[in-house]
There are 2 protein chains.
Amino acid sequence: MAATIRDVARLAGVSASTVSRALSLPGMVNGATRARVAAAVEQLGYEPNRAARGLITGRTGTIGLVVPDLANPFFASVTKGVQERARRHDVAVFVADTDEDPAAEAGLVRALAKQVDGVVLCSPRASDEELTAIAQDTTVVLVNRAAAGIPGVTYDNEGGMRQAVAHLVALGHHRIAWVGGPSTSWSTKHRGLGLRNAVEELHAKLAPVGNFAPTYEGGMAAADQVIATGATAVVAYNDLVAIGLLARLHARGLSVPADLSVVGVDDIAMSSMARPALTTVRLPKQEAGRIAVELLLAMLDDPESPAGTHGELHGELHGELIVRDSTGPAPHNQKGAPA
Amino acid sequence: MAATIRDVARLAGVSASTVSRALSLPGMVNGATRARVAAAVEQLGYEPNRAARGLITGRTGTIGLVVPDLANPFFASVTKGVQERARRHDVAVFVADTDEDPAAEAGLVRALAKQVDGVVLCSPRASDEELTAIAQDTTVVLVNRAAAGIPGVTYDNEGGMRQAVAHLVALGHHRIAWVGGPSTSWSTKHRGLGLRNAVEELHAKLAPVGNFAPTYEGGMAAADQVIATGATAVVAYNDLVAIGLLARLHARGLSVPADLSVVGVDDIAMSSMARPALTTVRLPKQEAGRIAVELLLAMLDDPESPAGTHGELHGELHGELIVRDSTGPAPHNQKGAPA
DNA sequence: ATGAAAGCGCTAACAT
DNA sequence: ATGTTAGCGCTTTCAT
């Protein structure tokens with residue numbers, strides 16, 4: 001059996017409470033005593049029982065993480081970041097995968113919530129109302145989604161899109177197609193907005209081709225519509241979509257970037273392996289996970305935690321344009337080019 | 001505050017012990033009483049406090065999962081399988097990522113072990129001795145690795161390799177190169193063995209080109225040596241390596257499958273997106289995770305659990321050959337072909 | 001079939 | 001600065 005606090009107390013010749021204090025409030029105990037306790041702890045290999053501690057403190061030392069799909073490299077990276085930072089704080093993390101099922105999401109979060117101190121919700125598919133309701137009785141931090149009054153970490157989608165457009169315009173592109181992700185997606189909305197602004201500022205034209213699944217298949221499905229717009233460049237919702245685009249464009253006999261330049265978002269590992277390698281806006285994925293943990297822990301430590309108090313807690317991360325082979329100069333005789 | 005067992009007891013007009021029994025040993029309590037308790041539970045939305053229960057039963061209702069790298073699609077899939085099955089049993093899972101650091105592995109497992117009922121170790125990099133030591137004081141199940149006396153689930157590497165070779169031989173290939181993974185990898189060893197046997201049975205020749213990192217870069221590094229063997233087909237350690245191979249072969253001006261056929265292992269999502277799409281041996285990844293959970297839970301439920309007793313507990317999963325565009329008929333004037 | 005009592009390992013008043 | 005006491009929410013003897 002594992003040693004208990006009483007074993008340590010006996011060995012150190014003190015009471016259990018002193019051991020408890022020596023461990024959690026070292027300042028309150030005499031240096032010599034503290035040393036004796038430390039020695040006893042060491043000798044016995046004592047580790048406090050978390051369940052017992054949790055029973056009385058009401059804290060479990062555990063946080064939850066909910067992601068739509070672990071098999072999606074973007075979410076896998078965020079998860080790595082969460083892991084790493086949580087471990088540093090000696091906090092364990094329960095990971096739950098909703099399998100992209102929006103209906104299962106809320107239930108899962110609520111079930112998780114009972115077993116943890118707080119929850120990191122990554123790219124939740126739920127409505128703002130549902131999120132607010134959940135945040136009522138649970139400490140929640142959002143990743144890749146903003147919702148009024150709930151702390152979180154998001155990406156500067158506008159800035160990222162501006163970089164992409166600036167790059168394309170510098171290459172001589174004037175007509176840029178945009179393949180959006182799911183219409184319910186928060187980032188689709190903001191990327192679209194950013195694109196619209198950037199294109200206007202830089203005197204180019206935007207040709208949105210609608211909403212598609214945020215997957216390889218989505219990209220395949222969008223490709224022909226992209227071609228039909230007559231654009232010489234296309235920005236895709238994310239890298240997966242961009243790679244699907246690449247595949248279908250190739251099948252249609254178009255060459256990238258000679259005929260059409262392609263830009264993705266995320267910079268997943270696959271993007272540098274694509275042919276041609278994909279120009280993309282790199283999002284700091286692990287960093288988002290790390291910040292989310294810090295935010296959550298800060299909320300937990302702050303005694304004043306009535307829902308909403310932490311609304312101002314918010315991190316914003318910036319994307320970085322990574323230029324690879326899928327973007328190049330605009331073709332000379334492009335449709336829609338100035339005469 | 002959440003309702004406690006006493007609240008339920010009061011509302012149902014029984015004692016706390018009766019509520020406890022009604023919940024965990026329904027057979028021991030009168031039907032009518034049971035119904036009253038159930039009603040009270042329902043009305044109060046009561047959920048037993050796991051920490052309190054764990055304190056007395058010694059079980060946490062939590063298992064641990066250790067993987068080398070969550071960003072690797074193979075491990076992400078296994079993790080999904082573990083998740084899904086654990087949830088079905090109302091068991092939570094702590095996920096830990098060692099970041100491919102073999103040195104961190106053992107420590108992580110031991111730290112995890114104190115907080116969970118058992119641990120699923122996926123593709124551990126540790127030595128057999130270390131694993132045995134860990135299994136001494138923790139309930140452990142291995143995935144993708146066999147070690148004496150420790151239950152686990154593995155893949156039938158030999159069978160998978162035989163399918164790949166049969167496919168290639170049928171296409172007229174006689175000389176097959178083999179790009180192995182890390183020399184310490186259990187699957188490298190068994191895939192190599194399977195290949196050797198299959199090639200002998202089918203009267204072909206094997207040309208091993210050594211050990212490489214199980215990554216895209218590893219495949220790039222191996223490609224030129226593969227070409228030098230004069231083989232008309234190559235089997236790669238896994239899909240990532242095969243895709244790296246594809247990239248470097250393309251750069252060298254070789255065409256796949258016209259000049260060289262390429263086969264991978266795993267069937268990660270990326271494989272069907274590669275150009276040409278990759279022929280591969282599909283491994284049931286999520287299934288491995290599911291079985292591991294069942295194994296672990298079975299061990300936990302079985303009172304007789306002295307280490308080693310469960311050594312015979314073992315699942316073996318079979319791969320399935322998925323033929324795509326990266327394999328084709330052997331070139332006519334191949335080197336090493338019969339005259 | 002049910003209740004009363006004890007206690008899991010720990011922390012947090014309350015004493016001293 | 002340290003010890004004593006009580007009790008977190010639950011399960012489990014032991015009675016009845």
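Interface limits on DNA chain C: the 5'-most and 3'-most nucleotides within less than 4.0 Å of chain A heavy atoms are C:dG9 to C:dA13.
Sorted by first and then second residue, the pairs that involve residues 22-47 of chain B and meet salt bridge (charged side-chain N to carboxylate O under 4.0 Å, His left out), not counting sequence neighbours, are A:Lys114-B:Glu47. A salt bridge (charged side-chain N to carboxylate O under 4.0 Å, His left out) check over residues 118-127 of chain B, counting only residues at least two apart or in different chains, returns the pairs B:Glu100-B:Arg125. Within the structure, ring-ring contact (aromatic ring centres under 6.0 Å, His included) contacts touching residues 88-145 of chain A (residues at least two apart or in different chains) are A:Phe94-B:Phe94.
Of the residues in residues 37-46 of chain A, A:Tyr46 come within less than 4.0 Å of DNA chain C through at least one heavy atom, sorted by number. Near DNA chain D, meaning a heavy atom under 4.0 Å from it, residues 10-33 of chain B has B:Ser17, B:Ser20, B:Arg21 in order of number.
Between the side chains of B:Thr18 and B:Ser15, at least one donor N or O sits under 3.5 Å from an acceptor N or O.
Spacing between atom CD1 of B:Ile5 and atom C1' of D:dG7 amounts to 16 Å, rounded to whole angstrom units. Straight-line distance from the CZ atom of B:Arg50 to the P atom of D:dT11: 12 Å, rounded to whole Å. Note: CZ (A:Arg53) to C1' (D:dG9) measures 18 Å, nearest angstrom. Here the P atom of nucleotide D:dC10 and the CZ atom of B:Arg59 are 18 Å apart, to the nearest Å.
Between atom CG of residue B:Leu121 and atom CD of residue B:Glu105 there is a gap of 6.0 Å, rounded to the nearest 0.5 Å. From B:Arg87, atom CZ reaches atom CD of B:Gln83 across 6.0 Å, with rounding to the nearest 0.5 Å. A distance of 10.0 Å separates CZ in A:Arg85 from CG in A:Leu297, rounded to the nearest 0.5 Å.
Between the side chain of A:Thr138 and the main chain of A:Val140, no donor-acceptor pair closer than 3.5 Å is present. In this structure, the side chain of A:Asp117 engages the main chain of A:Gly61 through a donor-acceptor pair within 3.5 Å.
For the side chain to side chain contact (heavy atoms under 4.5 Å, CB included) with B:Phe75, the qualifying choice from B:Val143, B:Val66, B:Asp97, B:Val67 is B:Val67, the only one to do so.
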